[in-house]
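Take a look at the structure set out below.
What you are looking at is a predicted structure, and each value in this text was computed from that prediction instead of being measured. All ligand and atom numbering here is 1-based and tracks the order in the structure.
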Amino acid sequence: MAERKRLVACNWKMNGLRADGVALGRDIAARAREPHRCELLVCPPATLLVLVGEALGDSGVALGGQDCHTEPKGACTGGVSAEMLKDAGCSHVIVGHSERRHACGETDADVRAKTLAAWRAGLVAIVCVGETRVEREAGLAKSVVEAQLTGSLPDAANPENLVIAYEPVWAIGTGLTPTMADIADMHAAIRTRIPSETRILYGGSVNPKNAAEILALEEVDGALVGGASLKPEDLWAITQAAG
Ligand code: PGA
């Protein structure tokens, strides 16, 4: 069976103006030209996609969007379609991030439609799932994540067009992480619900201190990194841990 190549995906969220986005992109590109064994993906804000794509150049670091609309074009003020992301140089798009599920009210059906839109444009969809603290404390973490997978994944999912990111909502940006046993347990549960060989990333307060331990877990195929991905030294330490 082919080994699943590790993926470190950077989610810059709503951070970066032109000058710092380009500087960070150049820094990541320079480091990525040094030996490393995982794939790297940078997801900047939409306004920076083209500029960061140019900064990444031929470094081999992929470019991704943080969200996409379901329609290819039309009357949707403020929307960015998957086709537009593709045109800007993207190969991937994050869909169903908890900040969109919770702050923007996105449902599993919306995430499923966005996943289909990503595929229509030829993008790999990184579908995010994860439970809230209340759900975990109520013992519902696995059933919540399983329901999200069932509702969000179209039938045509395969390891080439899909990456799953397990991100416990309560671990995002908080410095908190589940126990290693809990991460391993959830990833093993997700593994039984998705096409074999599909990569499963862990996300939620990944940093240079915890990356090696998390990335050593059997079913963890990489990381979706928010805050630490804005700090080149930290990102590179995580990348080395993934190698
Ligand atoms: P964090 O964010 O690494 O800052 O916790 C992860 C994410 O939201 O994807």
If the threshold is 4.0 Å, N to carboxylate O, is there a salt bridge linking [X] and [Y]?
| X | Y | value |
| --- | --- | --- |
| D108 | R112 | no |
| D67 | R100 | yes |
| R101 | D110 | no |
| R6 | E39 | no |
| R31 | E233 | yes |
| D182 | K142 | no |

Residue and atom name of the nearest protein heavy atom (relative to [atom]), distance in Å to one decimal:
| atom | answer |
| --- | --- |
| atom 2 (O) of ligand 1 | K13 NZ, 3.3 Å |
| atom 4 (O) of ligand 1 | G227 N, 2.8 Å |
| atom 3 (O) of ligand 1 | G226 N, 2.8 Å |

Just how far is it from atom CD of E137 to atom CD of E131, taken to the nearest 0.5 Å?
10.5 Å
Within 4.0 Å of some non-hydrogen atom of G204, the atoms of ligand 1 are 5 (O)
Subset of ligand 1 atoms that lie under 4.0 Å from at least one heavy atom of G173:
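Counting from 1, the qualifying ligand atoms are 1 (P), 4 (O), 5 (O).
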Hey, does A228 sit under 4.0 Å from ligand 1 if you only count heavy atoms?
no
For ligand 1, does N11 get within less than 4.0 Å through its side chain, its backbone, both, or neither, judged by non-hydrogen atoms?
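Under 4.0 Å from ligand 1, N11 contributes side-chain atoms alone.
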Side chain or backbone, does S205 bring an N or O within less than 3.5 Å of an N or O on ligand 1?
yes
Looking only at distances, please establish whether an N/O atom of ligand 1 is found under 3.5 Å from an N/O atom of G203.
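Not met; the criterion fails.
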Nearest neighbour of atom 6 (C) of ligand 1 from the list H97, Q66, E167, E99, on a heavy-atom basis
E167
